[in-house]
Amino acid sequence: MNILTQPWPWYVTGPLIGLMVPLLLLTGNKAFGVSSNLRHICAACIPTKAEFFKYDWKSESWNLMFVFGVAIGGLLAGYFWQNPNPVQLTDAAISSMNEMGVKDYSGLVPQEIFSFKALLTVKGFLLLIVGGFFVGFGTRYAGGCTSGHAIMGMSNLQLPSLIATCCFFGGGVIMTWFVLPYIMKLPF
Amino acid sequence: MKNLKFILIGICFGIILVKAEVISWFRIQEMFRFQSFHMYGNIICAIVVGIISVWLIKKFKVKTFSGEEVKIAPKTFSKGNVIGGFMFGLGWAMTGACPGPLFALVGSGLLIVAVVLLSAVLGTYVYGIMKDKLPH
């Protein structure tokens, strides 16, 4: 049963992630992508006059079912088959994160940030609420996320997806190197 | 239940995301600090397998399981790819999660991530109502 609780190496999981592309194409001519679901959720749940949310979201219900499945997969692999050991990070990464004040490496995410208690601090609000807002606003403005652009778009050799992916990394690197250390050190 | 197969594919994807640890805030930090090959290995392998798959499908005109011709909509360039992409990058480093992992993390029992997900839905909503005022 080790295979279920242990993490899998990148040379196994990477190709498996890539196989999502042909699997969805051949199953129903569907383009792999996750962030569109945030739009479908808006269209389905929020009454609005905005044209952007007036479309037949039900015709995209396959995608909502897909992410429902992703959550179930998360429940199976992340809860029932939870890895009992911490993530095997490099020493360099742990040392950098120690400097930012991260102490608990036992789970997949740092407890210092990912708790309802932290949500009431400026640090937690910025990272979880503002960060989440950027993810939702940014992916839709960019027309896709890591799945839709970096994997699906790049698989189909789309230049806009390459540009978007470079910008994802640009934003991530700038946040990580020049902003995040200050947010992490906020005392409240 | 024609959508049942998509739930099953989603379950597989969710399991892979967790087992790859790409849903870990720590792994995303490690990636953006260029301190490990782990995330790059995952992303590069995924893209290579994706490129080969799409090429094979086009080359041999592989049909879907129900016999349809495979069609992939091209992506058109907009300034949003740059501005929105950059914004998403900021959020990715802050939350340590892109949209797929958000769903997997909530499923794994981290209920706090549901707050991040709701905030992402709000972000998409705000984009939707101010879309016409933004450069594209």
Side-chain angles (χ1 to χ4, degrees), chain A residues 7-8 10 13-18 21-22 26 34-35 38 42 50 52 62 65-67 69-75 77-79 90 92-93 108-109 114 127-129 131-142 145-146 151 153-156 158 160 163-164 167-168 171-172 175-176, chain B residues 3 6-7 10-11 14-16 18-21 24-26 30 32 35-36 38 41-42 45-47 49-51 53-54 64 70 72 75 77 80-82 84-95 98-100 103-104 107-109 112 116 119-121 123-125 127-129 131:
Chain A
W8 303 341
W10 56 264
T13 51
L16 288 176
I17 294 170
V21 171
L26 297 182
V34 175
S35 65
L38 303 174
C42 289
F52 189 66
W62 74 270
M65 291 299 120
F66 176 74
V67 288
V70 171
I72 299 175
L75 175 69
Y79 186 80
T90 58
L108 284 169
V109 299
F114 287 83
L127 293 179
L128 303 176
I129 305 285
F133 186 91
F134 282 170
V135 169
F137 192 104
T139 50
R140 199 70 273 119
Y141 194 6
C145 59
T146 336
I151 296 174
M154 299 267 269
S155 295
N156 197 27
Q158 299 292 300
I163 295 170
C167 295
F168 298 166
M175 171 55 65
T176 300
Chain B
N3 279 333
F6 294 109
I7 300 184
I11 292 175
I15 293 172
I16 296 163
V18 176
K19 291 290 130 194
E21 294 180 330
S24 166
W25 188 93
F26 301 123
E30 201 180 41
F32 284 136
Q35 287 165 327
S36 166
H38 180 90
N42 269 297
C45 285
I47 294 172
V49 167
I51 289 175
S53 307
V54 171
T64 66
V70 173
I72 313 175
K75 305 263 183 190
F77 178 77
N81 294 144
V82 176
F86 186 81
M87 261 186 88
F88 164 51
L90 300 176
W92 190 9
M94 291 164 88
T95 62
C98 35
F103 289 97
S108 78
I112 182 73
V116 184
S119 192
V121 170
T124 298
Y125 178 74
Y127 167 76
I129 54 175
K131 179 174 179 279

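Lettering follows sequence order; numbering is per chain, from 1.
Interface residue K131(B): only side-chain heavy atoms are found under 4.5 Å from chain A. If you measure heavy-atom distances from V70(A) to chain B, the contacts under 4.5 Å come from both the backbone and the side chain.
Between chain A and the residues F103(B), F77(B), F32(B), the most heavy-atom pairs under 4.5 angstrom are made by F32(B). Heavy-atom pairs under 4.5 Å with chain A peak, among C98(B), P99(B), A93(B), at P99(B). Of the listed residues I151(A), I72(A), V67(A), the one with more heavy-atom pairs under 4.5 angstrom with chain B than any other is V67(A). Listed options W92(B), F26(B), F86(B) were ranked by heavy-atom pairs under 4.5 angstrom with chain A; first place goes to F26(B). Of all the listed residues (P15(A), C145(A), S35(A), G78(A)), the one sharing the greatest number of non-hydrogen pairs under 4.5 Å with chain B is P15(A). Ranked by heavy-atom pairs under 4.5 Å with chain A, the list S108(B), G91(B), G109(B) is led by S108(B). Comparing I163(A), V135(A), I17(A) by how many heavy-atom pairs each has under 4.5 Å with chain B, the most go to V135(A). Here N81(B) is the residue among V116(B), V49(B), N81(B) with the most heavy-atom pairs under 4.5 Å with chain A. Between chain A and the options M87(B), Q35(B), E21(B), heavy-atom pairs under 4.5 Å are most frequent for Q35(B).
With T124(B) contributing its side chain and G136(A) its backbone, the two residues share a donor-acceptor pair below 3.5 Å. W62(A) places no side-chain N or O within 3.5 Å of a backbone atom of I7(B) that could act as its donor or acceptor partner. The closest donor-acceptor contact from the side chain of Q158(A) to the backbone of K75(B) lies under 3.5 Å.
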Notebook entry, point to check: Could you walk me through whether F66(A) and F6(B) pass the ring pair (Phe, Tyr, Trp, His ring centres under 6.0 Å) check?
Noted result: CA-CA 5 Å; F66(A) 176 74; F6(B) 294 109; 7.9 Å; no

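Between T146(A) and F88(B) there is a side-chain heavy-atom pair separated by less than 4.5 Å. The closest side-chain heavy-atom distance from I15(B) to W8(A) is below 4.5 Å.
Taking Y127(B) as the reference, H136(B) meet the side-chain hydrogen bond (donor to acceptor under 3.5 Å, both in side chains) condition, with sequence neighbours excluded.
What you find for E30(B) and S36(B) is that their closest heavy atoms are CD-CB, 3.2 Å.
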